[in-house]
Amino acid sequence: MTTAPWRDPALTASARVDDLLSRMTLEEKTAQLYGVWVGASTDGDGVAPLQREMTAEYDWDELITRGLGQLTRPFGTAPVDPALGAQALARAQRRISEAGRFGIPALAHEECLAGFTTWQATAYPVPLAWGASWDAELVEEMAGAIGRDLRAVGVHQGLAPVLDVVRDPRWGRVEETIGEDPYLVGTIGAAYVRGLESAGIVATLKHFAGYASSAGARNLAPVRAGVREFADITLPPFEFALREGGARSVMAAYTDTDGVPASADPGLLTELLREEWGFTGTVVADYFGVGFLQTQHRIAGTEAGAAHAALAAGLDVELPTLKCYGTPLIEAVRAGEVPEALIDRAARRVLLQKCELGLLDEDWSPEPTERIDLDSTTNRALARRLAEESVVLLDNPDGLLPLAPDTRIAVVGPRAADALAMLGCYSFPSHVLTHHPDIPTGIEIPTVLQALRTELPDAKVTFTEGCGVDDPDTGGFEEAVARTAEADVCVAVLGDRAGLFGRGTSGEGCDVTDLRLPGVQGELLDSLIATGVPVVLVLLTGRPYALGRWDGRLGAVVQAFFPGEEGGPAVAGVLSGRVNPSGRLPVSVPRVPGGQPWTYLQPPLGLAGEVSNLDPTPLYAFGHGRSYTEFVWEDFAGGAPAEIGTDGTYEVSLTVRNAGGRAGAEVVQLYLHDPVASVTRPDVRLIGYHRLRLEPGESRRVAFHFHADLSAFTDRRGRRIVEPGDLELRLASSSAEVRHATRLQVAGPVRELGPDRRLRCETEELPVS
């Protein structure tokens, strides 16, 4: 028996795919360009925008005779036992293979933003918590575990990470982002991609590009970012994730920028992504994004027109289910309205990826080969470590924390005894189980109240909710005040309820008009403070909220961004002192609710000044975080002014000493200040950081290797350049707390950079002399 060349693993993937394409009909090639969403709801509340209106009917048995590109969310659409789900997926893959002429299985994809979004799988902290950890190595380790779980059940592609940079914290999807700085987002995001890809899972970068810059922080609203903002803030995290992470897929954003939807933008999806950056993987649509070109953006009058626009731009795969890339596209090709070469181009990319994954090999098998445990003790330990590292101690002015072990504690608040308070909108219990109220959560999620009682068994702990998350009822205030008055300390656990499309206070489609705490939680906090009993505010949120109203009135403030299934013990560990907090803010915390939209990346006129009566200065700056120990920064090297070329390097270093009595972690941050440039620049911006853990009395030296490329920006002609002139490097504990600075003079000609520019400031730990 002679094996067809496309089945021969001894040939290159390119040769195999070329042979396969030459044998395929138009219908078979097109079938590789869409997914099918089995079981997607066509009525009621969905998990994707306009799901009910956009979901089409199809005949499964007839459809798969042509082959199939992707299977959409076989585990994440409804609760399914993981082992049974793996068997069901294997059966579906066998049916697809047997139905088509070539026996090619589908590529199965799932969401994995905060862990594998399926029943009984570990719910890790959300990406904003990854950013708060400032620990790329731990995020990479977590992603590797997520990838192995995906692979164990037969999934090939994960729709993560989100690399959008926060521009306005009123946006509902802030919880899904890593933070408000492109360097932090890029380094942490690339680490996640490395971890996922190391497990053999295709990582999909979201959302390319500009999605988080939507006007008014409204989901899917037009993007009005300028060319330089787009180039210098929006795009760098994607460069990091492609170059350092090796991501093999990119998801086009829903939004349009200056009137051009991302899903129909060849300048973005082809010229920049492929021709300039050298990307060779697949571009997939955000759910229903191709159809939106007709129904929402209205740049196409028909489904075939939308398909043509997307394919011409470089969008290869329509997700989540067929609509525009099916019969309408085939008929348009037959009529000569769409070049078949566009189908061939996209199908080739899809089949090359399937070849890389082994899906074209004759010995490929869909049967699971590993024991399936999606919430293993190893996973939970990872979730605990990341949760603990991500908790940020914002304030502890009089040392109220840690709490005394035998104190009387009044726990108050709508987030204290609710397990879902730990989870973001893409965690399965929040994302899907709300539609299945009779199904148990499937994983153990200790609440803050449960965990605090465990942490402090000798304490007398009472609890009352006080109010709901976002309802106006104040009927519970009286009991909350009474319990607080009887206590030595009150722990007020407030925050968000994650949800989708208005069903939560945070999450996709849950945008807000200002940054007040939801509902009457602010009034509840005022009532608790008025008792005179010290109040510890614990926030479990998906975005930063304005806290200036309580500045100086609280005993301590603890911030956790949806810290996952182990978040309750992590927060309680910080309160008890078992955990020394080491999180740092990935987003600024505003002083007043209307002082936004604002992030720390502002030029001079975006800062406080006499030109406006509004002061946007945050209450707690980007990078801020306190500890229960004291870190001393000493022996700074690099303080004298120096000169380097526009392609030169410079090193700054210092010694960090733990002068306190307990182990802890410090995050040393390096910022760049450019006092004069040819276009306005942020007053400061992060260009490097290093997290180090120190035992009591221990010292370590940290060096930052600055390269002039890190000072680059986009000039008036759209070039990325290093410009001669003065710079200042600032070592700081936050964007507003500078410890040491050095001045540099960059000399020489303007230097234009290409796509191989240096993205990262390398750091190293050195012996202490």
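Side-chain atoms are counted along with the backbone in the values below, which use heavy atoms only and exclude waters and symmetry mates.
The distance between the ring centers of W134 and Y183 does not fall below 6.0 angstrom.
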*asked:* As a quick check of understanding, evaluate salt bridge (Lys or Arg N to Asp or Glu O under 4.0 Å) for E666 and R584, giving each step before the final call.
replied: CA-CA 9 Å; E666 177 70 302; R584 301 293 184 266; 2.8 Å; yes
*Passes side-chain hydrogen bond (donor to acceptor under 3.5 Å, both in side chains), S213 versus R167? Steps please.*
CA-CA 6 Å; S213 298; R167 300 301 287 158; 4.6 Å; no
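Applying the 6.0 Å contact sphere to CZ of R760 captures more than 12 heavy atoms from other residues, nucleotides or ligands. Heavy-atom contacts from other residues, nucleotides or ligands closer than 6.0 Å to CZ of R516 number 12 or fewer. At most 12 heavy atoms of other shown residues, nucleotides or ligands fall within 6.0 angstrom of atom CZ in R218.
Using a 4.0 Å cut-off between a side-chain N of Lys or Arg and a carboxylate O of Asp or Glu, D526 and R549 qualify as a salt bridge. A salt bridge between R626 and E737 is present, with a side-chain N of the basic residue lying under 4.0 Å from a carboxylate O of the acidic one.
The shortest non-hydrogen separation linking N580 to G664 is ND2-CA, 3.6 Å. Pairing each heavy atom of L517 with each of Q521, the nearest pair is CB-CB, 4.2 Å. Across P563 and P125, no two heavy atoms sit closer than the pair O-CG, 3.2 Å. Closest of all the heavy-atom pairs between D168 and V174 is O-CG2, 4.0 Å.
Relative ring orientation between H690 and F704 is described as perpendicular, the plane-to-plane angle rising above 60° on a 0-90° scale split at 30° and 60°.
Looking at heavy atoms from C-beta onward, L672 lies in side-chain contact with L727 at the 4.5 angstrom threshold. Here the side chains of V448 and L540 are in contact, with some heavy-atom distance below 4.5 Å.
The one candidate from E565, E566, E389 that meets the salt bridge (Lys or Arg N to Asp or Glu O under 4.0 Å) condition with R384 is E566. The one candidate from L403, V535, V461, T484 that meets the side-chain contact (heavy atoms from CB on, under 4.5 Å) condition with V491 is L403. Between I409 and the choices L449, D488, L456, the side-chain contact (heavy atoms from CB on, under 4.5 Å) rule is met once, by L456. The side chain to side chain donor-acceptor pair (under 3.5 Å) with S506 is formed by just one residue from the set R173, E175, R497; it is E175. For the pairing with P182, the side-chain contact (heavy atoms from CB on, under 4.5 Å) check across L601, L235, T234, D232 returns one residue only, L601.
For R700, the side-chain hydrogen bond (donor to acceptor under 3.5 Å, both in side chains) criterion is met by E698, E765, not counting sequence neighbours. Every residue two or more places apart in sequence or in another chain that forms a ring pair (Phe, Tyr, Trp, His ring centres under 6.0 Å) with W171 is listed here: Y211.
Between the side chains of D164 and T177, no donor-acceptor pair is found at a separation under 3.5 Å. With hydrogens and angles left out, the side-chain atoms of Y689 and R691 include no donor and acceptor closer than 3.5 Å.
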